[in-house]
Amino acid sequence: MKKANMIVDKDWQISEIDKRIYGSFIEHLGRAVYTGIYQPDHPTADKNGFRQDVAQLVRDLQVPIIRYPGGNFVSNFYWEDSVGPVTERPKRLELAWRSLETNEVGLNEFTKWARSVDSDVMMAINLGTRGIEAACNLLEYCNHPSGTKYSDLRIAHGVKQPHNIKTWCLGNEMDGPWQTGHKTAQEYGRLAEETAKAMKQIDPTIELVSCGSSSAQMPTFPEWEANTLDCTYDFVDYISLHQYFGNRFEDTDNFLAQSMEMEHFIKTVIATCDYVQAKKRSKKVMKLSFDEWNVWFHSNEADDDIMKNHPWQKAPALLEDIYTFEDALLVGLMLITFIKHADRLKMACMAQLVNVIAPIMTQTDGSAWKQTIYYPYLHASKYGRGIALQSVLSSPKHDTMDFTDVTDIDSVVVYQEQQQEVTIFAVNRNLSEDIQLECDLRSFEGYHLIEHIVLEHPDLKAVNSAMIQQVAPKLSHESILEQGKLTTLLHKASWNVIRLGK
């Protein structure tokens, strides 16, 4: 049997983990909002029209922050259309996804819903077709107490207390030619700089996210980061990263190695930020917001057909990827990568939360159910809060089509000092062999094994549905902790959560 070894010490600390790395995303896209979180005629709907079956699944995930209202949607979003009496709100052609936006759910409704599921809002502003004035007006509407045009307008709309939204994205994917109002790095950098300066005049307590590259494959990456940060560095708090993966060539070994590409992406952005910091001789360290990430490829062909041949529908079924078990493994690997970079990566948003490339799916008049990817997200959010530890891992390796020296085991350890708990997250991405992991935990004297949760399935293509949960976690009884040494069996192609307590 193959073996792997890991040494963990409570003093080898990377950083406190910001809980916002377990954030998510709701865009006015497909059925994310309409028949997703909101369906007034659903049996579980509350008085505001929001589905409570969905809300409970979101609460269970403990999602700390939700990005809204886009995404590509935001680059042609007129926020004024989304407030005030619902019957007076205009319907608009939504250019990004060629759909009809009714504005039935808007800023105030969404903010109220987010609060009901114990989440904060990460608000995105339109820097595609609009600019500084609209951004400032929106901020005044959301955060200023009263006594001005837009704060009093909010009060007139029935919202007396300000929303106090603290995190704001300065546009979305402005490097992308597909984006309405696409800009060059210099055009975006100057607009974002001036918008940031004006917004912080209104509310100096807010945090701002500057647009980074839409993916590591963009031809302008990483010059985009270097050039835009040259303008915005002194005025923003984060730069964004976006990345999606897919098993387009039916090569699972290569697919599960793609978290290495994500790691390289993060390291390159950090290096670029640090270059700009050195260039400016600044003491400020730029933080990262990975505010779009997931597996996304299953629905591409159907999406193209809907947008090309059946446009201008309200809430068409777009981006409804049905996730396989192997997708869940990669999601787990991506979450492990985030935790490893907790010193610089402070926010992340799984795109998206409901129906649209999402862990939660709904039937329009029926039930809500958990996709395979729900489970690693749930486990990381629940047990991945605390201090990320720098463990030393020795694992067998293999090569794939695009990657060399891929470790069979990828793992990260989280120490919850106050609760006196340690959680080991580990994926065995070897598709044919179980691996025995021996872990030296002698610095955690007096700890015992709480549980070993495993997500596995003999069919890598197994999916869940409203009728059956083929892929669901279970308890493993193949871990032993004796005299500070943990010995565990990590089954082939498995996601593992090993919890220890004192």
Hey, can you tell me if [X] and [Y] have their rings parallel, tilted or perpendicular (30° and 60° cut-offs)?
X	Y	answer
Phe338	Trp293	perpendicular
Phe50	Tyr38	perpendicular
Tyr244	Trp296	perpendicular
His379	Trp495	parallel

Please check: side-chain N/O of [X] versus main-chain N/O of [Y], any donor-acceptor pairing under 3.5 Å?
X	Y	answer
Asp321	Ser299	yes
Asp291	Ala348	no
Asp327	Thr324	yes
Thr362	Thr364	no

Problem - Ring-face cation contact, Phe235 with Lys200, 6.0 Å cut, 45° max - result: no
Exercise for the section: Please confirm whether Arg67 makes a cation-pi placement over Phe25, using NZ or CZ under 6.0 Å from the six-membered ring centre and within 45° of the ring normal. Expected result: yes
Is the shortest heavy-atom distance from the side chain of [X] to the side chain of [Y] under 4.5 Å?
X	Y	answer
Val105	Tyr34	yes
His42	Asp53	yes
Cys136	Ile202	yes
Tyr323	Asn464	no

Fill in the blank from the handout: Thr337 meets the side-chain contact (heavy atoms from CB on, under 4.5 Å) criterion, sequence neighbours left out, with Ser259, Met262, Glu263, Ile266, His341
Exercise for the section: Might you point out which heavy atoms bring Pro69 and Met123 nearest each other, and give the distance in Å? Expected result: CD-CE, 3.9 Å
Looking only at side chains, do [X] and [Y] share a donor and an acceptor under 3.5 Å apart?
X	Y	value
Arg248	Asn300	yes
Ser75	Asn72	no
Gln243	Gln217	yes

If the threshold is 4.0 Å, N to carboxylate O, is there a salt bridge linking [X] and [Y]?
X	Y	value
Lys166	Asp203	yes
Glu109	Lys112	no
Glu320	Arg31	yes

Handout entry: Any pair counted as ring pair (Phe, Tyr, Trp, His ring centres under 6.0 Å), so long as it reaches residues 176-208, sequence neighbours left out
Key = Tyr188-Trp224
Exercise for the section: Answer with yes or no after comparing the ring centroid distance for Tyr141 and Trp79 against a 6.0 Å cut-off, counting only values under it. Expected result: yes
